[in-house]
Q: 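Before we start, here is the structure in question, set down as structure tokens.
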There are 2 protein chains.
Amino acid sequence: MTTSSGLDREVETRLAEHRIRYTSGRQILVRALAGAEGPLSAAELHDEVSGALPLSSIYRSLAVLEEAGVLAPHHGTKGLTRYELAEWLKGHHHHLVCIDCGAVEDVTVNDHHENQVDRVVNEISSKAAFTAFNHALEIEGRCARCA
Amino acid sequence: MTTSSGLDREVETRLAEHRIRYTSGRQILVRALAGAEGPLSAAELHDEVSGALPLSSIYRSLAVLEEAGVLAPHHGTKGLTRYELAEWLKGHHHHLVCIDCGAVEDVTVNDHHENQVDRVVNEISSKAAFTAFNHALEIEGRCARCA
DNA sequence: TTTCCAGCAAGAACGATTCTCATTATATAC
DNA sequence: GTATATAATGAGAATCGTTCTTGCTGGAAA
């Protein structure tokens with residue numbers, strides 16, 4: 001099983017550390033997520049790959065990839081869990097969540113603003129005796145398509 | 001049906017504008033949420049009120065109160081939706097989400113930092129042609145209890 | 001090649017949420 | 001104050017996303 005892209009290579013290495021195989025089904029999911037604008041749910045991935053993988057396999061693979069730190073979950077409306085590539089693969093970003101269609105779009109901000117956000121996160125965490133691992137600004141509103 | 005607290009009065013007024021009654025069951029839920037440290041799920045509220053309201057009624061009332069803008073939903077781990085009083089009732093705040101126990105704690109920051117966050121939100125939204133209605137900094141990590 | 005085990009597919013099971021429907025309570029008209 | 005219309009309730013069935021179970025498959029290593 002040859003790896004084609006740099007992404008595949010990075011994921012394969014990570015999975016190898018966890019003694020997990022980077023099978024074709026898992027590659028399909030990772031590539032689908034790499035080409036997405038934002039997090040996707042199991043059902044959305046099922047559509048995206050045109051049923052090439054059964055839903056039950058998608059759920060299992062998503063759980064495996066999350067466990068290995070390749071994917072990060074995002075819990076959205078209607079009990080839907082969407083997944084996206086973890087930040088070490090796709091970079092730190094925030095979320096625009098549409099209250100109409102539920103779609104989530106990834107956005108990044110410049111370093112200056114990101115540093116400000118970091119400071120706020122640190123202040124909050126230290127005050128609350130909370131050990132912060134990650135953070136995201138979740139901005140709720142209406143996307144351009146639903147406006 | 002006399003209102004006891006200022007909160008009850010505010011909620012009652014809001015519901016009246018929507019031609020919705022502030023029944024005793026709804027009062028029980030609003031008061032339970034007013035006394036909570038963070039958002040609660042339907043099941044947690046069911047426990048909180050010791051089964052005084054059936055689950056089906058709790059779900060229906062939560063939906064009604066959300067529709068009227070009295071409650072705001074928060075989607076957490078394991079497909080659980082937790083509710084809290086809307087920001088016009090409890091003030092703007094952010095969330096500390098424990099990756100172990102799943103609990104959500106509300107936190108506020110001082111105006112200086114809040115303004116910085118606002119600026120970042122505005123920058124992101126305008127760049128993405130997104131109409132922002134609300135935002136929250138979701139900080140993931142381990143709470144003091146699970147540390 | 002044979003053995004072994006991670007991964008797979010299909011469907012059952014599960015749990016949170018929503019829906020249905022008959023009953024009860026509340027407001028408004030008379 | 002009673003009648004009538006409308007809103008809300010409670011109990012349980014139904015739904016839907018997700019997870020689990022079971023038996024099978026296919027690739028890695030000896």
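The basis for the numbers below is simple: all heavy atoms, side chains too, and nothing from hydrogens, waters or symmetry mates.
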Q: Name all residues meeting the salt bridge (Lys or Arg N to Asp or Glu O under 4.0 Å) criterion together with B:Glu138; count only those two or more places apart in sequence or in a different chain, and write none if there are none.
A: none
Q: Apply side chain to side chain donor-acceptor pair (under 3.5 Å) to B:His94 and list each qualifying residue two or more places apart in sequence or on a separate chain.
A: B:Glu114
Q: Atom CD1 of A:Ile58 to atom P of D:dC16: distance rounded to whole Å?
A: 19 Å
Q: Quick one: is B:Arg26 getting a side-chain N or O under 4.0 Å of the D:dT9 phosphate, OP1 or OP2?
A: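 Yes, such a contact exists.
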Q: Who are the side chain to side chain donor-acceptor pair (under 3.5 Å) partners of B:Asp100, not counting sequence neighbours?
A: B:Arg142
Q: Given atom NE2 of A:His18 and atom P of C:dG7, what is their separation to the nearest angstrom?
A: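 Going from A:His18 (NE2) to C:dG7 (P), I get 13 Å.
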Q: Quick one: list whatever passes side chain to side chain donor-acceptor pair (under 3.5 Å) with A:Glu140, sequence neighbours left out.
A: none
Q: Are A:Thr23 and D:dG27 close enough that a side-chain N or O sits under 4.0 Å from OP1 or OP2?
A: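 So the side chain of A:Thr23 is outside the cut-off, no N or O lying under 4.0 Å from OP1 or OP2 of D:dG27.
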Q: Could you state the CG-C1' distance from B:Leu62 to D:dA8, rounded to the nearest angstrom?
A: 15 Å
Q: Report the distance from atom NE2 of B:His74 to atom C1' of C:dA16, rounded to the nearest whole Å.
A: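 Spelled out: NE2 on B:His74 to C1' on C:dA16 is 17 Å.
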Q: Could you check which of D:dT6, D:dT9, D:dA11 has an atom nearest any side-chain atom of B:Arg21?
A: D:dT6
Q: Find the distance A:Glu67:CD to D:dT19:C1' and express it as a whole number of Å.
A: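 Checked: the CD to C1' distance equals 15 Å.
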Q: What's the NE2-C1' distance between B:His46 and D:dG10, to the nearest Å?
A: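 Rounded to whole Å, this separation is 11 Å.
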Q: Tell me: CD1 of B:Ile28 to P of D:dT9, nearest whole Å?
A: 10 Å
Q: Answer yes or no: does a side-chain N or O of B:Ser57 lie under 4.0 Å from OP1 or OP2 of D:dG10?
A: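 For D:dG10, OP1/OP2 do have a side-chain N/O of B:Ser57 under 4.0 Å.
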Q: For B:His92 and B:His135, does a side-chain donor sit closer than 3.5 Å to a side-chain acceptor?
A: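 Short answer, yes.
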Q: Among all residues two or more places apart in sequence or in another chain, which pass the side chain to side chain donor-acceptor pair (under 3.5 Å) test with A:Arg26?
A: none
Q: Counting only heavy atoms not in B:Glu67, do more than 12 fall under 6.0 Å of its CD?
A: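 Open: at most 12 neighbouring heavy atoms sit under 6.0 Å from CD of B:Glu67.
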Q: To the nearest Å, give me how far apart CD (B:Gln27) and P (D:dT9) are.
A: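 It works out to 11 Å between those atoms.
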Q: Summarise protein proximity over nucleotides 17-22 of chain C in one line of letters, 5' to 3': B for base, S for sugar-phosphate only, - for none, counting protein heavy atoms closer than 4.0 Å.
A: BBB---
Q: Quick one: label A:Leu53 by what it contacts on the DNA or RNA (base, sugar-phosphate, nothing), any heavy atom closer than 4.0 Å.
A: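 If one applies the 4.0 Å heavy-atom cut-off, A:Leu53 turns out to touch nothing in the nucleic acid.
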